[in-house]
Amino acid sequence: MATVHMVVNGREVSGEVEGRTLLSDFLRNGLKLTGTHIGCDTSQCGACVVHVNGKAIKSCTMFALEASDSTVTTIEGMANEDGSLGIVQQAFQDHHGLQCGFCTPGMVMSAAALLSENLTPGEAEIRDYLEGNICRCTGYQNIVKAIQGAAEELAA
Amino acid sequence: MPRDQGIGASSARREDVRFLTGNGRYTDDFNVHGQKYVHFLRSDVAHGRIRSVNTLAAAAMPGVIAVFTGEDLEGIGGLPCGWLVTDRHGEPMNEPGHPVLAVGKVRHVGDPIAAVVADSVAEASDAAEAIEVDIEELPAVINMAAALEGGSLVHDEIGTNLCYDWGFVEDSREAVDAAIAEAEHVTSLELVNNRLVANAMEPRVALGDYNASNDESTLYTTSQNPHVIRLLMGAFVLQIPEHKLRVVAPDVGGGFGSKIFHYAEEAFCTLASRRLRVPVKWTASRSEAFVTDAHGRDHVTKIDLALSKDGKFKAIRTSTLANLGAYLSTFSTSVPTWLHGTLMAGNYTTPLVYVNVRAVFTNTVPVDAYRGAGRPEATFQLERVIDKAARELGIDPVEIRRRNFVQPDQFPYATPVALEYDTGNYPATMDKLVEIADLDGFAARAEESASRGRLRGLGVNCYIEACGIAPSNLVGQLGARAGLYESATVRVNATGSVTVMTGCHSHGQSHETTFPQVVSDMLGIDEGQINVLHGDTANAPMGMGTYGSRSIAVGGSAIVRATEKIVAKAKRIAAHLMEASADDIEFADGVFSVAGTDKSVAWGDVCLTAYVPHNYPLDKLEPGLEETAFYDPANFTFPAGAYACEVEVDTDTGAVEICSFAAADDFGNVINPMIVDGQVHGGIAQGVGQALREHAIYDSNGQLLTGSYMDYAMPRADDLPSLVVDHSCQTPCTHNPLGVKGCGEAGAIGSPPTVVNAVIDALQRGGYDVDHIDMPLSPSRVWEAING
Ligand code: FES
Ligand code: FES
């Protein structure tokens, strides 16, 4: 067991982990941040995407210890300070970009990462960027629309 | 005019905020103090006799609480099958047992042999590795035809690998044969409906929690139908009466059929928790899901279509082998039979139909309903053979379908395969398709593709489905061991807000949004005043759950009936308050008034009076305002539509690109257009996935070769174009109060043949003599067809 410290959603946290504890495990079971989901065991689905030091990462591919002393943002940290939905989150609601909601945290985190790199992504770029996120419910159509909507909102 | 509330409005989803902020509560997010974890040791061979299982070393490992094998579960029941199919000679199907943990034999890779309960997931899985299993491997039967030709037996006790040989309509068999023998033209096709894995993004989870102080068990589980699980597990497997068993299916991350069925892990966690007196939790890994979630489809069919020279359909005959896998999953037996054979008339007036299905046991994961369930298989055969016939007869594919449509003035229309379509307008959906897909512009687009060296093809296709499952007395006659009504309780609270409890279950369908839209319209109160509870046997009346596009048609109807009772009682209360006769009370926009006067009382006053009955007709009326209704549908509903797809084929590589996809659906009345669009998008994505990418492939030893997302090709965002969907053709259902038909499965039913038709069309236009390619149309298969 080793102690890990990080800043998660603006809060300093620490916990005891094993060497093999994944960041996704630590978030879900150590910190009870269950918004980060586990949809596969081959790092293919993207349900577990979080931001580590501002970059989108599949949290099932990283050991908690590797994220020591990092700044981590999860879906729980994406709302505005007053609790209202952030721009990307709101766009997902406005465009019906989610159904069962299971892929949604990863989708929102990926979408936010894309928009932090590129404020004017075209449809093809969006679809391409989402290659690592699987959604079984929406056919992606309204996810793409939501990201386009969020891009417009952010540019305004 | 778009409205911002009630039926027909695209109300924003109530579910979204919790899902978008990470506050959803899926089953794996539930943890009970003191819980232990299960790891199942699963068979890595497809077929074998268990000589011995030695758990001593495992039991002594750190953190281990207990180890169970099949023998330890003696005395509990097996997993039941919910539908008894009678074969074409009037005999019941073969129904072998399905133990919770394997006894004597293992029958598929993934069959559970033993279960370790330990303090942590890691300790449970470490200990499972220490279990010594001695298995005498037996030859695996994977291929269905071989399984029927005397390969080894999956279930020795039944002496055959045949579950049933079903004929429908058996009395038409000779007439169909004669019509085909005498026909001016017969088109035949052999095709495979590829085996699929539902792959809801949330893997299955079960958490059993026994409370010894009151002898009550709670099961948290990823289910589409918690009451059904309570009944099946309680009554047939564990012998726990309903009042001692609560089943909670909280937020569920997609189902698509795969979470209908009662699975061994649910029964095991419930039982282990009772025996060990600790909560017991199991969370599937995705790899485990691939070898334990029921698979879908997997039919091999030969179809003959008899036509006149001018393209009128005269008769259809099919012969299908349907894979059931190693055991009978809950509704598996109904899928290749009643959910499939009854749809073989399609949207057409074909007078004679005969469907033969032989259902086969193999050493593979059990196969059961997956989005569409039987109806995609029917549609695929029919629409593929029609396309081929059109080509053979030189008739345009749209035109041949039009010539055979059931016409709008023919409804109600009785098909030769036992259904009565209540309403529809197939020419209108086809007209709509021609418009939204711009079929007239195809030639120009094909030319443009050709200028880039690509072959462009156009596929069109129609579908009909039977939804709103189902009239209980009818399905009872057909072998269902359940009724298929739905329930609702509408609880009006003292200050006028409303809580709706439904036996349906939402795992992406948006019931928390759409059901209040219905109630809001009926009561004239704001949607925000209404909420929905579901997914917990402790709060909802006995209901049958969500599948078969039944929620709005059956569950929504139950809500309407319960709300009607509320209005009737509220009128009597209002009548008392206004000293009028209940017959004279009118209710609109949340206000009760006495006809022909200016007297009125508001909704809120009536509700408060019901719960604070100081001035109340207590001698005639009970206080309170809460009503329950059970709705049993009079018929199925029949959503139908017409789809078109354009593809480009790269003949050098065999790669297929979907350029456009358009869907014109008739769902009857629509409650929330935004949500209906989303359901169709998702269904089409799954159908396109089936057509081009997805395939659960077993090798001859019974190993699943596509058992992870590395190998099983899920559709990704860049595999799909922007879809054009339209549901403005609306012929309301005639027998339910909302006039709704259901929309959940249409996309998955209508799209696979559309895509295949388009690819074949492209190849034919390119001069390749290719009649059919089996799904998935991967680049290698297309390339082989071109170069074969
Ligand atoms: S859970 Fe991390 S990619 Fe699937
Ligand atoms: S919304 Fe269900 S998986 Fe994406």
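Order of the sequence lines fixes the chain letters, A, B, ..., with proteins taken first and strands second; residue numbering starts at 1 for each chain. Computed from a predicted model, the values in this text were never measured in an experiment.
Contacts between B:T21 and chain A at a heavy-atom distance below 4.5 Å involve backbone atoms as well as side-chain atoms. Using a 4.5 Å cut-off between heavy atoms, B:A198 touches chain A through its backbone atoms (N, CA, C, O) alone. No part of B:N23 comes within reach of chain A, as not one of its non-hydrogen atoms sits under 4.5 angstrom from that chain. Neither the backbone nor the side chain of B:D251 comes within contact range of chain A; no heavy atoms are under 4.5 Å apart. With a threshold of 4.5 angstrom between heavy atoms, A:F102 approaches chain B through its backbone and through its side chain. Proximity to chain B is limited to the side chain of A:L85, based on heavy atoms less than 4.5 angstrom apart. If you measure heavy-atom distances from B:V252 to chain A, the contacts under 4.5 Å come from the backbone alone. Heavy atoms of A:L33 lying under 4.5 Å from chain B are absent altogether. Residue A:T104 touches chain B through its side chain alone, counting heavy-atom pairs closer than 4.5 Å. In this structure, chain B has a heavy atom under 4.5 Å from the side chain of A:E123, while its backbone stays farther away.
The CG atom of A:N133 sits 9.0 Å away from the CE atom of B:M201 when rounded to the nearest 0.5 Å. Note: B:E15 CD to A:Q99 CD = 10.5 Å, rounded to the nearest 0.5 Å. A distance of 14.0 Å separates OH in B:Y712 from CD in A:Q44, rounded to the nearest 0.5 Å. Distance NE2/B:H681 to SG/A:C135: 12.0 Å, rounded to 0.5 Å. Note that SG of A:C137 and CZ of B:F256 are 3.5 Å apart. Values are rounded to the nearest 0.5 Å. Taking CZ from B:R25 and OG1 from A:T34, the interatomic distance works out to 7.5 Å, rounded to the nearest 0.5 Å.
The most heavy-atom pairs under 4.5 Å with chain A, out of B:S285, B:S287, B:G254, B:G24, come from B:S287. Ranked by heavy-atom pairs shorter than 4.5 Å toward chain A, the options B:M674, B:H507, B:Q679 are led by B:M674. When each of B:G508, B:G682, B:A717 is scored by its heavy-atom pairs under 4.5 Å with chain A, the top score falls to B:A717.
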Margin query: Is there a side-chain contact (heavy atoms from CB on, under 4.5 Å) between A:R127 and B:L720? Walk through the geometry before answering.
Written below: CA-CA 9 Å; A:R127 289 185 183 270; B:L720 293 154; 4.0 Å; yes
Check: Are B:D29 and A:K32 close enough, and set up right, to give a salt bridge (charged side-chain N to carboxylate O under 4.0 Å, His left out), and what steps lead you there?
Finding: CA-CA 8 Å; B:D29 304 338; A:K32 307 291 178 219; over 6 Å; no
Next item on the list: Before giving the answer on side-chain contact (heavy atoms from CB on, under 4.5 Å), spell out for A:I134 and B:R716 the whole-Å C-alpha distance, their side-chain angles and the decisive distance to 0.1 Å.
Entry: CA-CA 6 Å; A:I134 304 177; B:R716 310 268 176 157; 3.6 Å; yes
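Proximity of B:V725 to A:Q141: side-chain heavy atoms (C-beta onward) are nowhere separated by under 4.5 Å.
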